[in-house]
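Taking it in order: structure first as structure tokens, then the write-up.
Note on naming: letters A, B, ... go to the chains in the order of the sequence lines (proteins, then strands), and numbering restarts at 1 for each one.
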Protein chains: 2
Amino acid sequence: MIKPYQRTALALDELLDRSQPGEVLPSEPKLAEQLGVSRATLREAMRALEDRGRIVRRQGVGTYVRPTIIEAGLEELVSIESMAASVGLDVEMGDSEIHRRNANPDEAELLGVDKVVEIRRVILAEGVPVAYLVDTIGEGLIQEAVLSREFHGSVLDVLLKGGEPELEYSTSEISAVSAEGRVADRLRVSEGSVLLQFEASLFTKDGELVDLSQSYFLPGTFKFHVVRRVGRRLGTAA
Amino acid sequence: MIKPYQRTALALDELLDRSQPGEVLPSEPKLAEQLGVSRATLREAMRALEDRGRIVRRQGVGTYVRPTIIEAGLEELVSIESMAASVGLDVEMGDSEIHRRNANPDEAELLGVDKVVEIRRVILAEGVPVAYLVDTIGEGLIQEAVLSREFHGSVLDVLLKGGEPELEYSTSEISAVSAEGRVADRLRVSEGSVLLQFEASLFTKDGELVDLSQSYFLPGTFKFHVVRRVGRRLGTAA
DNA sequence: GCGGGTCAATTGTCAGACAACTTGCCGGGG
DNA sequence: CCCCGGCAAGTTGTCTGACAATTGACCCGC
């Protein structure tokens with residue numbers, strides 16, 4: 001059974017998606033009644049939205065919908081394919097290789113396994129190579145049958161769909177590199193071309209590391225956004 | 001007068017900073033009493049922290065402190081200098097130029113002014129050029145006297161210190177580019193070198209755009225991190 | 001016309017209660 | 001001795017009702 005708070009947060013998210021910026025939301029008592037929760041629970045959900053900057057509340061006046069900040073930004077963990085789909089791009093997987101091999105000491109330490117599966121593939125947008133992705137996961141995390149059947153380019157999507165283990169977040173280091181060797185070759189660019197690189201670690205709800213990945217993107221096709229907020233400490237200082 | 005919720009959120013932030021990962025927080029009734037607020041207000045603040053991933057709550061058990069994810073990440077809007085200072089790097093400003101000029105149509109539209117001030121400068125780490133920054137702001141936003149006296153490389157820091165207008169967030173587009181012309185020259189790298197580029201827009205609490213900036217970083221010196229969370233929609237699906 | 005007071009509406013906070021859940025303890029039965 | 005079931009205490013989750021603080025509009029008297 002899903003808890004009232006989660007239900008409320010979801011409902012509010014959807015309500016905001018349907019709302020125009022600047023619009024005034026129903027008052028808290030009314031909203032609470034509509035959603036079937038108490039005002040206290042509703043306020044917890046609204047506070048979270050306020051912290052994320054999606055609404056503005058003015059005591060004695062009402063609650064307003066903020067103009068949406070970047071929505072396809074980097075805050076939410078979604079696969080390249082899902083990102084592309086949401087902007088109407090036609091994306092497919094090109095050449096792929098799957099290797100089983102022994103983990104090197106670093107990988108064994110981080111992932112907690114002896115053997116790993118390494119998945120390399122090219123991502124095509126409108127038929128043109130735009131990204132080269134390498135995932136390294138512990139052997140057995142994804143069944144071989146699943147991998148051959150449901151894998152269309154995104155390890156993340158397969159893991160999310162499987163539901164087990166429960167993923168929570170990833171941390172990525174962002175850098176710029178020049179294309180070399182195999183990467184340049186697969187992306188069909190000359191050596192020394194400029195690439196945007198993400199080095200990511202994917203964690204479960206329990207804080208366990210389950211996927212190490214490296215992504216190389218050709219600049220221009222995908223646009224990555226981040227929203228950075230002024231910190232509490234500085235922003236609200238007198 | 002600062003409101004109880006803000007006081008509580010701040011106090012909790014500080015409490016977490018002093019806590020060890022995995023530690024159990026006092027129960028909600030006790031914490032509420034310690035902080036001098038009701039349990040409802042406390043819970044609003046805790047919910048926000050939970051959403052940001054800093055604590056984990058387990059019904060019937062207690063509230064745990066999460067191992068800190070990247071702290072010098074990109075979620076919080078701080079200047080390059082502040083970032084560098086927090087990791088003990090010696091950073092200073094190199095050559096700088098300040099131009100007053102008429103705004104081009106795009107800038108006039110976005111910033112809502114006719115004349116702009118353009119600030120260009122090189123950032124040195126340990127005496128070596130590592131970044132080239134260009135800020136474009138409306139004329140009059142920062143007084144000339146202030147600019148010559150308090151400017152040490154970061155427009156953001158000057159604006160934050162001034163307190164007026166109240167800043168809230170910035171959106172950045174991240175890309176990789178090759179160094180060209182003036183940028184390559186100022187950073188003392190050869191043309192065609194790989195650079196990490198941020199194109200940022202800085203907004204106030206009222207949603208007004210006040211600063212357009214472009215930043216070019218030499219890869220390797222600064223490391224930028226992002227934390228990406230599994231979305232509500234997917235993460236909690238059955 | 002204008003100034004001030006009043007009033008309704010809305011968000012902010014509080015107090016108390018009960019529900020749902022987890023863990024550990026303790027006692028009884030095997 | 002071990003296992004297991006129920007009980008009790010403690011914690012988070014939610015609800016109810018109330019009052020405080022703030023804002024904006026209305027109305028009335030001057």
Which ones in residues 30-45 of chain A lie close to DNA chain C, meaning a heavy atom under 4.0 Å from one of its atoms?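 Correct list: A:R39, A:R43.
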Residues of residues 55-64 of chain B with any non-hydrogen atom less than 4.0 angstrom from an atom of DNA chain C: list those, numerically ordered, please. B:R58, B:Q59, B:G60, B:V61
Salt bridge (Lys or Arg N to Asp or Glu O under 4.0 Å) partners of [X], counting only residues at least two apart:
X: A:R121; result: A:D135
X: B:R47; result: A:E44, B:E50
X: A:R18; result: none
X: A:E107; result: A:R101

Go through the structure and list residues passing side chain to side chain contact (heavy atoms under 4.5 Å, CB included) with A:E33, not counting sequence neighbours.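 If we apply the side chain to side chain contact (heavy atoms under 4.5 Å, CB included) test to A:E33, skipping adjacent residues, there are no hits.
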Results of side chain to side chain contact (heavy atoms under 4.5 Å, CB included) for A:V37 - residues two or more places apart only: A:P4, A:R7, A:T8, A:L35, A:T41, A:L42
DNA chain D: 5'-most and 3'-most nucleotides touching chain B, 4.0 angstrom heavy-atom criterion: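 Here the contact window of chain B covers D:dG10 to D:dT14.
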Show the atom names and distances, to 0.1 Å, of all donor-acceptor pairs under 3.5 Å that link a side chain in residues 24-32 of chain A to residues at least two apart or in another chain.
from  : atom 1 : to    : atom 2 : distance (Å)
A:E28 : OE1    : A:R39 : NE     : 2.8
A:E28 : OE1    : A:R39 : NH2    : 2.9
A:E28 : OE1    : A:R43 : NH1    : 3.2
A:E28 : OE2    : A:R43 : NH1    : 2.8
A:E28 : OE2    : A:R57 : NH1    : 3.2

Holding to side chain to side chain donor-acceptor pair (under 3.5 Å), I want the full list of residues that pass it with B:E199, two or more places apart in sequence or in another chain.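 B:Q214.
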For A:S19, what residues pass the side chain to side chain donor-acceptor pair (under 3.5 Å) criterion, not counting sequence neighbours? none
